[in-house]
Amino acid sequence: MELELKDYVKILRRRIWMIIAIVLIASISTAVYTYIFVDPVYQASTKLIVNKKSELAEQLDLNSVNLNLRLIDTYKEIIKTTAIMDKVVENHPEFDLTSEQLISRIRISSVNNTQVMTVSIQDNSYEKAVQIVNAVAKVFVDEIPKLMSVDNVSILNEAKLKDSPVPVKPNPKLNIAISIVVALMIGIGLAFLLEYLDDTVKTEQDVREILDLPTIAVIPKIKKKELDTIASKTMTKAGEIRHVTE
């Protein structure tokens with residue numbers, strides 16, 4: 001049986017309350033889980049600049065700039081090694097983190113053709129995230145001359161505590177929006193599935209299309225209010241007839 005667009009609309013209208021219920025349950029559940037059961041995660045970042053100190057006040061040579069740009073990729077790898085993280089752990093036992101844990105949580109990024117690196121870390125405590133990322137940056141700046149025999153890295157901008165930090169995770173609005181879309185798709189799919197599995201005959205059209213039989217007669221659907229009205233009129237007429245016969 002081929003369905004037209006109006007048939008799909010009818011199916012959705014018949015199951016509209018089921019679809020709405022699924023969407024409401026999904027969105028409310030997501031909101032409760034996100035706001036109550038998920039711990040917020042904060043991110044703190046420190047910026048480092050790769051540049052020889054003596055060049056800061058002089059006109060930079062293009063070759064030196066290109067060398068610094070190439071060194072950034074090397075520094076990205078060095079900062080995520082135990083040579084740096086062991087020093088951080090040694091200097092800051094209050095973090096209660098191992099070198100491996102720090103390496104897995106640290107993130108290094110840079111914009112193409114710039115001499116600036118961004119060191120970021122995430123933690124459930126914003127204050128702790130700020131302390132960790134600043135400690136990592138300081139140790140890296142102190143240790144890189146020993147490892148590379150160059151002194152061309154300095155801290156450009158330390159992470160600072162904010163009065164009202166905004167967590168990077170979770171994103172309640174995004175989570176709720178995704179849950180609404182997914183629930184809507186599930187609700188619509190379930191509506192069509194139930195309609196497909198429902199082989200009961202409801203209308204004269206179903207008799208013709210499903211059973212391939214002609215329709216001899218149709219019993220109209222009567223609402224309860226109309227039925228009560230008909231019964232009341234019938235009782236009134238019966239009373240009048242009885243009164244006349246008597």
Side-chain angles (χ1 to χ4, degrees), residues 34-35 38-175:
T34 302
Y35 282 106
V38 178
D39 294 329
V41 177
Y42 299 92
Q43 178 172 294
S45 302
T46 295
K47 290 185 181 296
L48 304 175
I49 185 168
V50 180
N51 198 39
K52 288 185 179 180
K53 293 181 179 179
S54 59
E55 293 177 341
L56 289 175
E58 301 174 3
Q59 184 175 2
L60 295 178
D61 179 72
L62 183 60
N63 292 330
S64 299
V65 173
N66 290 333
L67 176 60
N68 290 330
L69 291 176
R70 288 195 295 270
L71 282 174
I72 286 179
D73 290 334
T74 303
Y75 291 160
K76 285 181 181 179
E77 296 301 318
I78 292 176
I79 200 171
K80 298 181 68 173
T81 61
T82 54
I84 302 298
M85 296 307 172
D86 283 346
K87 280 286 184 180
V88 177
V89 172
E90 180 183 345
N91 296 342
H92 300 275
E94 70 274 11
F95 293 159
D96 194 25
L97 293 171
T98 64
S99 299
E100 290 73 19
Q101 289 173 327
L102 283 173
I103 292 172
S104 64
R105 293 169 62 178
I106 204 79
R107 296 290 180 270
I108 316 296
S109 62
S110 63
V111 180
N112 290 336
N113 299 322
T114 68
Q115 295 172 252
V116 177
M117 293 192 309
T118 301
V119 183
S120 304
I121 198 165
Q122 296 181 354
D123 195 88
N124 296 123
S125 168
Y126 179 70
E127 182 179 356
K128 186 176 180 180
V130 169
Q131 294 172 351
I132 293 174
V133 77
N134 285 338
V136 171
K138 187 176 184 306
V139 169
F140 178 71
V141 171
D142 292 342
E143 292 297 316
I144 201 65
K146 305 173 186 176
L147 297 173
M148 296 284 293
S149 299
V150 290
D151 185 14
N152 64 343
V153 181
S154 57
I155 297 176
L156 181 64
N157 183 28
E158 285 190 340
K160 297 180 180 179
L161 292 173
K162 299 178 182 179
D163 294 334
S164 301
V166 179
V168 294
K169 293 187 294 186
N171 188 334
K173 293 181 180 179
L174 178 61
N175 291 348

Checklist entry - Between Leu102 and Val88, is any pair of side-chain heavy atoms under 4.5 Å apart? => result yes
Item to check | Donor-acceptor pair, side chain of Gln122 and main chain of Gln43, under 3.5 angstrom | outcome: no
Checklist entry - Would you call Val89 and Thr98 a side-chain contact if the rule is heavy atoms closer than 4.5 Å? => result no
Next on the checklist: Using a 3.5 Å distance criterion without hydrogens, assess whether the side chain of Asn124 forms a donor-acceptor pair with backbone atoms of Pro40.
Outcome noted: yes
Checklist entry - So do Asp123 and Arg105 actually touch side chain to side chain, heavy atoms under 4.5 Å? => result yes
Checklist entry - Hey, does Met117 have a side-chain heavy atom less than 4.5 Å from the side chain of Phe140? => result yes
Item to check | More than 12 heavy atoms of other groups within 6.0 Å of Lys87 NZ | outcome: no
Checklist outcome for this item: Arg107 meets the salt bridge (Lys or Arg N to Asp or Glu O under 4.0 Å) criterion, sequence neighbours left out, with none
Next on the checklist: Counting neighbours of NZ on Lys169 that are heavy atoms of other residues, nucleotides or ligands and sit closer than 6.0 Å, is the number greater than 12?
Outcome noted: no
Checklist outcome for this item: In terms of heavy-atom contacts, Tyr126 and Lys160 come closest through OH-O, 2.9 Å
Item to check | Thr81 side chain reached by Ile84 side chain, heavy atoms, under 4.5 Å | outcome: yes
Checklist entry - Ignoring hydrogens and geometry, is there a side-chain-to-backbone donor-acceptor pair from Asn134 to Ala159 under 3.5 Å? => result yes
Item to check | Heavy-atom closest contact (Tyr42 atom, Pro165 atom, distance) | outcome: CE2-O, 3.6 Å
Checklist entry - Who are the salt bridge (Lys or Arg N to Asp or Glu O under 4.0 Å) partners of Lys173, not counting sequence neighbours? => result none
Checklist entry - Taking atom NZ of Lys80 as the centre, does the number of heavy atoms from other residues, nucleotides or ligands within less than 6.0 Å exceed 12? => result yes
Checklist entry - Do other residues, nucleotides or ligands put more than 12 heavy atoms under 6.0 Å from the CD atom of Glu77? => result no
